[in-house]
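Before any comments, here is the structure.
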There are 2 protein chains.
Amino acid sequence: MVPQAPNRPPRLRRSRADIRERLLDSALVEFGAKGFDGASTRAIARRADAHQPQINYHFASKEALWFAAVDHLFELFGRAMDGIVYPEPDDLPAVADALAEVIRRFVRFTAAHPELHRIMMHEATEASERLTWVIARHVRPFYGALMGVWGRLRAAGIAAPIDDAMIHHVLTGAVSFPFVSAPAVRLLTGTEPTDPAWIERHADGVVATFLPGL
Amino acid sequence: MVPQAPNRPPRLRRSRADIRERLLDSALVEFGAKGFDGASTRAIARRADAHQPQINYHFASKEALWFAAVDHLFELFGRAMDGIVYPEPDDLPAVADALAEVIRRFVRFTAAHPELHRIMMHEATEASERLTWVIARHVRPFYGALMGVWGRLRAAGIAAPIDDAMIHHVLTGAVSFPFVSAPAVRLLTGTEPTDPAWIERHADGVVATFLPGL
DNA sequence: GTCTATAATTAGATAGAC
DNA sequence: GTCTATCTAATTATAGAC
């Protein structure tokens with residue numbers, strides 16, 4: 001019974017203050033690529049250059065890590081919408097301009113952070129506590145804001161003829177699917193959805209299509 | 001050493017000729033809800049009222065089951081498009097009518113079989129052999145057909161101003177996202193995406209939005 | 001707080017009785 | 001072809017040295 005095996009590799013200690021943030025970023029990529037069940041905590045830790053048990057140390061569980069990572073990402077999304085000026089509801093052309101700006105920022109954010117809607121897509125295919133939580137906490141505010149103006153924009157002939165109850169998901173699908181499916185876009189079209197010109201063309205197209213009366 | 005334990009449950013034999021098809025249908029639901037990695041062969045077998053090893057008997061592996069199930073589903077999709085009359089390419093109004101009919105059938109099929117684009121979404125978030133295979137085998141033909149007419153419809157002022165390289169994914173996202181995310185739609189809007197009236201309103205909205213010059 | 005070791009569970013696949 | 005039992009590997013989580 002030797003107290004220390006002779007050829008055990010030396011214990012490397014990699015102390016870093018930002019390990020929590022690195023784990024959050026890594027979790028977003030892995031959850032976005034594989035979904036909650038498909039992603040493994042080992043892969044998340046490896047990508048963050050950490051050890052698997054550190055996830056249970058810095059977060060309570062795999063699920064707690066998921067909630068923290070999604071909170072973090074929606075915080076970034078909210079920040080991307082900062083500074084939008086919401087005009088008087090009766091000034092419909094100004095409302096349309098503001099919505100166009102929201103759509104453009106939505107496109108750019110989704111291009112920069114495809115993980116958000118990748119995770120939403122993975123989750124939205126099946127009812128779950130995680131889905132209920134993310135919708136109540138993060139999605140409903142944006143849905144409510146769009147509901148408040150879409151009907152009036154349609155009546156004024158500015159917005160495309162899509163039902164109020166459907167516009168949120170139709171618009172979200174049109175905006176985010178090319179970035180969520182970026183690997184498929186590359187295979188199918190040979191174009192690069194992270195190219196800035198690609199992103200702006202996509203934003204122009206979506207705005208012109210969904211707000212044709214602008 | 002008793003040759004037969006006394007209280008072992010009796011061996012129930014459930015022989016069914018349609019077990020292969022039941023496994024395919026079950027696999028589509030489970031792969032659609034959880035993705036390839038998240039779905040378990042035990043859950044797939046349970047839903048088909050079969051035993052887990054029967055998957056390895058009737059199919060070579062979990063992956064072979066995935067390929068067979070996706071092949072089966074795209075076969076149904078192709079059948080849903082049967083009978084579409086493709087007019088002369090120069091008769092643009094007739095081409096637009098045909099495309100509108102394709103979109104309507106696409107909407108109805110996705111409503112009836114949300115598993116197809118659920119599986120596509122799960123797969124498209126990460127490059128893989130499965131993604132490469134399904135795009136080359138099943139997606140590219142439809143992409144090619146749309147490419148052939150979209151530019152001319154745009155030039156004629158019939159189609160919405162979306163780039164040729166983007167229209168496939170923008171349209172697919174707009175059509176399928178509400179059905180792929182049906183659990184989210186129910187939570188967020190309180191409406192039911194499988195309701196026939198809902199489906200037709202969605203089809204009308206997408207056709208009018210993407211083919212405004214019709 | 002980081003690390004090794006491992007417990008407890010579950011995964012896909014296989015062997016062989018029936 | 002169906003079924004029970006089981007193998008091997010991978011999973012999340014925990015215990016305890018450092």
Side-chain angles (χ1 to χ4, degrees), chain A residues 1-24 26-27 30-31 33-69 122 128-130, chain B residues 1-24 26-31 33-69 122 128-130:
Chain A
M1 307 309 176
V2 185
Q4 174 89 2
N7 47 2
R8 171 136 34 115
R11 187 186 167 101
L12 291 175
R13 190 183 176 85
R14 291 164 299 179
S15 185
R16 272 190 317 273
D18 62 342
I19 188 63
R20 232 190 102 96
E21 282 176 35
R22 291 178 61 89
L23 284 172
L24 286 175
S26 171
E30 294 290 328
F31 285 136
K34 307 253 193 187
F36 181 81
D37 292 307
S40 89
T41 55
R42 275 181 166 76
I44 293 168
R46 195 182 317 124
R47 178 183 292 275
D49 196 27
H51 293 262
Q52 182 255 344
Q54 287 181 273
I55 286 176
N56 293 85
Y57 176 79
H58 289 281
F59 304 90
S61 65
K62 180 185 182 181
E63 200 165 45
L65 171 63
W66 186 93
F67 284 110
H122 284 302
S128 72
E129 268 194 38
R130 293 192 303 275
Chain B
M1 307 308 177
V2 184
Q4 173 89 3
N7 46 2
R8 170 135 35 116
R11 187 186 167 101
L12 292 175
R13 191 182 175 85
R14 292 165 297 181
S15 185
R16 274 190 314 274
D18 62 344
I19 187 63
R20 231 190 104 96
E21 283 177 33
R22 292 178 60 89
L23 284 172
L24 285 176
S26 171
L28 289 171
V29 175
E30 294 290 325
F31 285 136
K34 307 252 192 188
F36 181 81
D37 292 307
S40 89
T41 55
R42 277 179 167 78
I44 293 169
R46 195 182 316 125
R47 178 182 293 274
D49 196 25
H51 293 260
Q52 183 254 345
Q54 287 181 273
I55 286 176
N56 293 85
Y57 177 79
H58 288 280
F59 304 90
S61 65
K62 181 185 182 181
E63 201 165 44
L65 171 61
W66 186 93
F67 285 110
H122 284 301
S128 71
E129 266 194 41
R130 293 192 303 275

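Keep in mind that this is a model prediction, so the values were computed, not measured. Naming convention: chains lettered A, B, ... in sequence-line order (proteins, then strands); numbering from 1 in each chain.
Arg130(B) meets the side-chain hydrogen bond (donor to acceptor under 3.5 Å, both in side chains) test with Glu123(B); sequence neighbours excluded. Scored by the salt bridge (Lys or Arg N to Asp or Glu O under 4.0 Å) test, Arg20(B) finds no partners at all (sequence neighbours excluded). Residues satisfying the side-chain hydrogen bond (donor to acceptor under 3.5 Å, both in side chains) criterion with Thr41(A), sequence neighbours excluded, are Gln52(A). The side-chain hydrogen bond (donor to acceptor under 3.5 Å, both in side chains) search around Arg47(A) returns Glu30(A), not counting sequence neighbours.
Within the 4.0 Å cut-off from OP1 or OP2 of dG1(D), not a single side-chain nitrogen or oxygen of His51(B) is found.
Computed from coordinates, the Asp49(B) CG to dG1(D) P distance equals 18 Å when rounded to whole Å. We find that CD1 of Ile44(A) is positioned 11 Å from P of dT11(D), with the value rounded to whole Å. The distance from atom CZ of Phe31(B) to atom C1' of dG12(C) is 11 Å, rounded to the nearest whole Å. In this entry the distance linking CZ of Arg20(B) with P of dG1(D) reads 10 Å, nearest Å. Regarding Asp37(A), its CG atom lies at a distance of 13 Å from the P atom of dT11(D), rounded to whole Å. In this entry the distance linking CZ of Arg46(B) with P of dC3(D) reads 15 Å, nearest Å. Look at NZ on Lys34(A): it is 13 Å from C1' on dA10(D), rounded to the nearest Å. Taking atom CD1 of residue Ile19(A) and atom C1' of nucleotide dC3(C), one finds them 13 Å apart after rounding to whole Å.
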Are any protein N/O atoms closer than 3.5 Å to N/O atoms in nucleotides 13-15 of chain D? If there are, list each pair with its distance.
residue : atom : partner  : partner atom : Å
dA13(D) : OP2  : Asn56(A) : ND2          : 3.4
dA13(D) : OP2  : Lys62(A) : N            : 2.9
dA13(D) : O5'  : Asn56(A) : ND2          : 3.4
dA13(D) : N7   : Gln52(A) : NE2          : 2.9
dA13(D) : N6   : Gln52(A) : OE1          : 3.1

Using a 3.5 Å cut-off and no angle test, enumerate the donor-acceptor pairs between side-chain atoms of residues 55-62 of chain A and protein atoms at least two apart in sequence or in another chain.
residue  : atom : partner  : partner atom : Å
Ser61(A) : OG   : Glu63(A) : N            : 3.4
Ser61(A) : OG   : Ala64(A) : N            : 3.1
Lys62(A) : NZ   : Phe36(A) : O            : 2.9
Lys62(A) : NZ   : Ala39(A) : O            : 2.8

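Nucleic acid contact class of Ala45(B) (heavy atoms, under 4.0 Å, all strands): none.
A pairwise comparison of heavy atoms in Ser26(A) and Ala43(A) identifies OG-O, 4.3 Å as the closest pair.
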